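In what follows, a single structure is set out as structure tokens and then discussed.
Please read all numbers here as calculations on a predicted model, not as lab measurements. The figures that follow rest on heavy atoms only: side chains count, while hydrogens, waters and symmetry mates do not. Proteins come first, then strands; the chains are lettered A, B, ... in the order of their sequence lines, and each starts at number 1.
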Number of protein chains: 2
Amino acid sequence: MSLRYALLALLRVGPKSGYDLQKQFDTSVGHLWHAPDSQIYPELRRMEEAGLVRGEEQVRGTRGSRRVYHVTPEGEADYLAWIDGPLAYTRVREPASLKAAYLEAASPEAARAFLEEHIRHWRAELDQWEAELARIDARTSPMLQDRLAVTPEDDHDRVVAFKRLGYENLTGRARAEIAWAQRGLEVVGRFPVRG
Amino acid sequence: MSLRYALLALLRVGPKSGYDLQKQFDTSVGHLWHAPDSQIYPELRRMEEAGLVRGEEQVRGTRGSRRVYHVTPEGEADYLAWIDGPLAYTRVREPASLKAAYLEAASPEAARAFLEEHIRHWRAELDQWEAELARIDARTSPMLQDRLAVTPEDDHDRVVAFKRLGYENLTGRARAEIAWAQRGLEVVGRFPVRG
DNA sequence: CCTACCATGTAAGACGTTACATGATTGG
DNA sequence: CCAATCATGTAACGTCTTACATGGTAGG
């Protein structure tokens, strides 16, 4: 259900086509939520059926067209209910934890490779998110600039502070994963011989 | 696909019925992976079709029966391939991060309630996982005892060390979430007035 | 006899991934 | 004219959730 609200959050800044939204999901906002085009277009249609957005067909060239969506008052109300309402938590399902708990069955090389790959993966994510945090602080992030453009200046600091908070959750997560995998490598080092 | 390997990991310790597995998923191992009965029974059937497990019908009372599964050599090979192979990473999708990044639209009370609930949620998870870690250290965890019973004594320390590692990922995650939400509360405190 | 527990599923739907599929426009 | 980009989907499949559904057994 988060896809719906991610889309509403983007559309609240200004009307966009499915393609526009998809591009944003591939870059900036894609860090916070991601969806492929094959999920976006049908979801927009469903949201329109539910009255949350309205799409308007625009001509493009002689025969082309694009459908630009904007948020309706019902969509705005639904969005505010989401942001003011509780978040549904699901049970944790961590493939990496599961695998780690059974690494006794792996060769030491495979165990080490798994943990090193884990570090590589989260390091790459961390780098991306920290770069975005830097752009948020400098207020050069395109997503943020669009948002600030439709926000009274008094509120700019608040908007920036919460964007930052969202990304800080991601960087905190990545750092925890890296630290954990590094401790894991020490464990592997303590038991070099396969049983 | 992790469900399949979670099931194999449990069945490698000894033959079990769907019901036995479900019980374990509700308690100890359920921290690492969880699935409802409606997912377990069909998956066991599929695994049997794939030759990874074999089920044997046992009589219970006069008319009752239960199907007890054990891992086949093919299942063992598949499990070892999984544990020695790479883990597939998917894109991060964090509803809490998404919501935090758009908290500017929430009332300060709702923002605070969200972050406090986040802390409560992860605190409860953390407590559970730490209790399990204590049971792992004391080697009183039922799951661990079953595992150690079929493991040569030389290997006990290794087995315990990796179980511990698996759970440490979860506790590390929970601590990061709590610390983040606490910082979030400070941010909310800095912007008490809704824009 | 009744309650707690043992035991096993089906069905519908939400959500997400991957692959397939098509065509128009714009700028060089 | 050609390539990059704009633009929009369908189809099949896998995973997971929630709800529905049924019946047997063991112990007090």
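- Heavy-atom contacts of chain B under 4.0 Å fall on DNA chain C between two terminal nucleotides, which in 5' to 3' order are C:dC5 to C:dT17.
- Near-neighbour residues of DNA chain D inside residues 93-101 of chain B, defined by a heavy atom below 4.0 Å, are absent.
- For the pair A:A35 and B:R66, nearest-nucleotide mapping onto DNA chain C gives the more 5' position to B:R66.
- With sequence neighbours excluded, the residues satisfying salt bridge (Lys or Arg N to Asp or Glu O under 4.0 Å) with A:R164 are A:D137, A:E168.
- Under a 4.0 Å N-O distance rule, the pair B:R175/B:E130 qualifies as a salt bridge.
- Using a 4.0 Å cut-off between a side-chain N of Lys or Arg and a carboxylate O of Asp or Glu, B:D84 and A:K99 do not qualify as a salt bridge.
- A salt bridge between A:E43 and A:R46 is present, with a side-chain N of the basic residue lying under 4.0 Å from a carboxylate O of the acidic one.
- By the 4.0 Å N-to-carboxylate-O rule, B:R135 lies close enough to B:E132 to be salt-bridged with it.
- Residue B:R60 is classed as a base contact, given a heavy-atom separation below 4.0 Å to a base.
- For the pair B:F25 CZ and D:dC16 C1', the computed distance is 13 Å after rounding to whole Å.
- Pairs passing the salt bridge (Lys or Arg N to Asp or Glu O under 4.0 Å) check and including a residue from residues 13-35 of chain A, sequence neighbours excluded, read A:D20-A:R66.
- Computed from coordinates, the B:Y5 OH to D:dT15 P distance equals 10 Å when rounded to whole Å.
- When every heavy atom of B:G166 is checked against every heavy atom of A:A100, the shortest pair comes out as CA-CB, 4.0 Å.
- A:A101 approaches B:L32 most closely through the heavy-atom pair CB-CD1, 3.6 Å.
- The pair B:R173-B:E177 meets the salt-bridge criterion, with a side-chain N (NZ, NE, NH1 or NH2) lying under 4.0 Å from an Asp/Glu carboxylate O.
- Residue A:D26 contributes atom CG, which lies 11 Å from atom P of D:dC6 at whole-angstrom precision.
- Near-neighbour residues of DNA chain D inside residues 36-46 of chain B, defined by a heavy atom below 4.0 Å, number-ordered: B:P36, B:S38, B:Q39.
- For residues 140-154 of chain A, the salt bridge (Lys or Arg N to Asp or Glu O under 4.0 Å) pairs, not counting sequence neighbours, are A:R147-B:E104.
- Using a 4.0 Å cut-off between a side-chain N of Lys or Arg and a carboxylate O of Asp or Glu, B:R190 and B:E186 do not qualify as a salt bridge.
- Atoms CZ (B:R4) and C1' (D:dT15) sit 12 Å apart, rounded to a whole Å.
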